Structure formats: structure tokens, C-alpha cells
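This is a predicted model, so every value here is computed, not measured. Every chain is numbered from 1, with letters handed out A, B, ... down the list of sequences.
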2 protein chains.
Amino acid sequence: MLTSECICTHLRRAARGVSRHYDEALEGFGINVAQFSLLRHVRRLDQPSISSLAEAMGLDRSTLGRNVKVLEAEGLLALAEGNDLRNRLVILTEQGKARVLAAEPAWEAAQRSLVDNLGEAQRDELVRLLEQLA
Amino acid sequence: MLTSECICTHLRRAARGVSRHYDEALEGFGINVAQFSLLRHVRRLDQPSISSLAEAMGLDRSTLGRNVKVLEAEGLLALAEGNDLRNRLVILTEQGKARVLAAEPAWEAAQRSLVDNLGEAQRDELVRLLEQLA
DNA sequence: GGCGGATGCGGGTATATACACCTATTCATG
DNA sequence: CATGAATAGGTGTATATACCCGCATCCGCC
């Protein structure tokens with residue numbers, strides 16, 4: 001009976017499995033799906049602060065700071081000082097932009113194979129439900 | 001446009017957020033939702049091996065072994081030898097059973113507040129979609 | 001009975017994630 | 001302007017997660 005099933009457990013399991021699917025597709029580009037997502041968020045938000053980026057991604061600030069550090073060491077992200085002496089801006093380097101562009105077709109293939117298996121209507125429904133959860 | 005959104009990112013974000021919701025509810029019981037789920041799986045499967053438990057949960061074997069170790073140190077799980085000298089059985093201790101029982105009402109409250117916000121039809125739809133992804 | 005593949009696990013290493021706490025800076029307000 | 005609250009980050013610690021590799025054991029087959 002559905003009532004006895006933990007929705008959170010289902011979500012976590014699905015997130016793990018789907019992450020593996022995308023990670024497999026991204027193999028060879030030197031980034032995993034979490035990093036791919038982080039890079040794309042930075043590209044979209046254009047020099048966000050650590051906090052605003054964390055907020056946008058629904059991540060703890062400290063988590064995001066550490067994730068950024070990994071990509072900074074790879075030369076894909078850089079940190080610059082903002083107006084405020086407190087905050088720092090996350091910047092997508094040229095190398096970072098190139099890496100995202102290079103990986104995007106593989107990401108798209110992974111996404112497509114998933115949507116093929118789901119159908120577009122169910123994909124939309126899934127995304128809608130996930131957004132409602134957040 | 002939905003096509004440009006990463007389903008995996010959505011899933012991961014939702015999993016994080018919902019996990020936080022359940023973790024909050026489980027605060028005070030000394031376990032988080034991942035551990036709660038692990039304990040319940042052990043209870044349901046009744047002395048599974050590490051591998052079969054990992055398989056059932058969609059987790060890597062080594063991950064599961066480490067997660068078990070944490071709960072073993074807390075006295076909630078124990079490891080026994082199976083028929084085979086290779087495999088080990090994961091056992092829910094009396095303390096572990098008691099902990100799950102104690103935490104279950106809090107888990108249920110968290111689940112209920114989530115379902116209240118979602119509606120039962122959408123809950124069923126969500127679970128169905130998540131299972132289809134796995 | 002021995003040998004090669006299969007199976008079950010643990011450990012090394014790395015990233016992802018969160019919370020609690022600390023520091024530095026900024027801001028609001030008296 | 002001084003002081004306390006609010007804000008931005010970093011660090012310490014702990015768990016979650018995965019992949020790779022190595023070791024022990026088992027099993028099928030000759």
C-alpha cells in the first residue's frame with residue numbers, strides 16, 4: 001500500500017539512479033552531473049555570490065562553497081571579490097564555459113534517453129511535481 | 001522551456017529539500033531519514049546480506065557497508081556471519097527495532113504534511129513516476 | 001582435487017551534503 | 001558615531017555516496 005512507503009526514500013533512490021545515468025553519460029568530460037549543474041547555474045546567473053548561488057540551487061552555503069572549490073581547483077570556476085568586502089562572486093572561466101559546451105551534447109543524450117523512456121507528458125508532470133515539492 | 005531543464009538537477013534538488021523536511025521531523029531521535037530508511041529496509045528484509053540490501057536500496061555495496069557501520073556503532077544494527085564465510089547478515093537489534101518504532105510517528109507526521117500539500121492523487125502519481133525512473 | 005571465474009566485502013580516495021560555530025563586514029538605529 | 005543585529009563566508013565534523021582495487025571464499029568443470 002502506498003501509504004506505508006516513504007516518499008523521501010523513493011525520491012532519494014530515484015535521484016541516485018538518475019544521477020548515475022547522467023554521470024555515465026558525462027564520463028570522459030571530467031565532471032559529474034552535480035558539477036555540470038553547478039557550472040550551468042553559474043553561467044545562467046552570471047557571477048552570483050556564493051549565497052545567492054546556494055539559494056538558487058537549494059544547497060547549504062557551506063556545501064556550495066566546497067563544491068565550488070573543487071571546480072576552482074580544476075580551473076573551471078574562479079572567485080572574485082564583489083562590491084562588498086564580505087561577499088565573493090563565482091565566475092565561470094573560459095575553460096569552464098568550454099567544458100560545459102563540450103559536455104552539453106552528452107548531457108542532452110542522457111536527458112533524451114530518459115525522456116524517451118518516460119514520454120514528454122510524464123516528463124512535464126514529473127518536473128511539475130518536483131517543483132511543487134520544493 | 002522544459003526541454004532545457006535538467007531532470008536530474010530537479011530530482012536532486014527535490015531529494016535534498018524533502019530529506020531536510022524529514023530530517024527535521026526525525027530530529028531528537030538520533031537518526032536521519034537515510035538511516036531511518038535503512039533500518040526499515042533491514043526490518044522488512046529480515047537479515048539481508050550487505051549485497052542484497054544494497055541491491056534492494058539501489059545503493060552501491062560499499063556505500064551501504066559504510067552506512068551500516070555507522071548504525072552498528074550506535075547499536076542499532078549488528079552483523080552476523082551467514083552460511084557462506086564470505087557474506088555477512090545485517091541484523092536489526094532490539095535497540096534498532098525500538099528506535100524505528102519510536103521514530104515512526106514523527107516520520108508519519110512528516111509524510112502526512114507532505115501529502116497534505118500534494119494531495120493523494122499527486123502523491124500516487126509522483127511515486128509511480130519515481131518508480132518508473134528506477 | 002585443482003584451477004579459473006564468479007561472488008561478497010572491506011578499504012582507499014574523492015565528491016556531495018548538512019549543521020554548528022566562528023570571523024569579518026555591513027547596516028540600522030539610537 | 002557607537003553598538004548590536006544582520007549578512008557573507010569559511011572551517012570542523014559527520015554522514016552519504018560512488019568507483020576502483022584487492023582479498024577471501026565459493027563454485028563449476030575438468
For residues 29-37 of chain B, please give each side-chain donor-acceptor pair under 3.5 Å, one per line with the distance, not counting sequence neighbours.
{"unit_1": "N32(B)", "atom_1": "OD1", "unit_2": "A34(B)", "atom_2": "N", "d": "3.1"}
{"unit_1": "N32(B)", "atom_1": "OD1", "unit_2": "Q35(B)", "atom_2": "N", "d": "2.8"}
{"unit_1": "Q35(B)", "atom_1": "OE1", "unit_2": "N32(B)", "atom_2": "N", "d": "3.0"}
{"unit_1": "S37(B)", "atom_1": "OG", "unit_2": "T9(A)", "atom_2": "OG1", "d": "3.1"}

Inset, instruction - Determine which pairs satisfy ring-ring contact (aromatic ring centres under 6.0 Å, His included) with at least one residue from residues 59-104 of chain B, sequence neighbours left out, and list them in order. - result: none

Inset, instruction - Compute the bend angle of the helix from dG1(C)-dC30(D) to dG30(C)-dC1(D) from the end axes (five pairs per end), rounded to 10°. - result: 10°

Inset, instruction - Using the test salt bridge (charged side-chain N to carboxylate O under 4.0 Å, His left out), find all partners of R40(A) that sit at least two apart in sequence or belong to another chain. - result: E104(A)

Legend entry - Residues that R128(A) engages under side chain to side chain contact (heavy atoms under 4.5 Å, CB included), provided they are two or more places apart: E125(A), Q132(A), Q122(B)

Using distance only, find each side-chain donor-acceptor pair of residues 62-80 of chain B under 3.5 Å and give its atom names and separation, not counting sequence neighbours.
{"unit_1": "S62(B)", "atom_1": "OG", "unit_2": "D60(B)", "atom_2": "OD2", "d": "2.6"}

Inset, instruction - Using a cut-off of strictly less than 4.0 Å between a heavy atom of the residue and any atom of DNA chain C, enumerate the qualifying residues of residues 17-33 of chain A by number. - result: N32(A)

Legend entry - S51(A): side chain to side chain donor-acceptor pair (under 3.5 Å) partners, not counting sequence neighbours: none

Legend entry - Sugar-phosphate or base contact per nucleotide [nucleotides 7-13 of chain C; S, B, -; heavy atom under 4.0 Å]: BSBSBBB

Inset, instruction - Sequence neighbours left out, what passes salt bridge (charged side-chain N to carboxylate O under 4.0 Å, His left out) with R86(A)? Give chain and number order. - result: D84(A)

Inset, instruction - Could you tell me from which nucleotide to which nucleotide of DNA chain D, 5' to 3', there is an atom under 4.0 Å from chain B heavy atoms? - result: dT15(D) to dC26(D)

Legend entry - Partner residues of S19(A) under the side chain to side chain donor-acceptor pair (under 3.5 Å) criterion, sequence neighbours left out: R12(B)

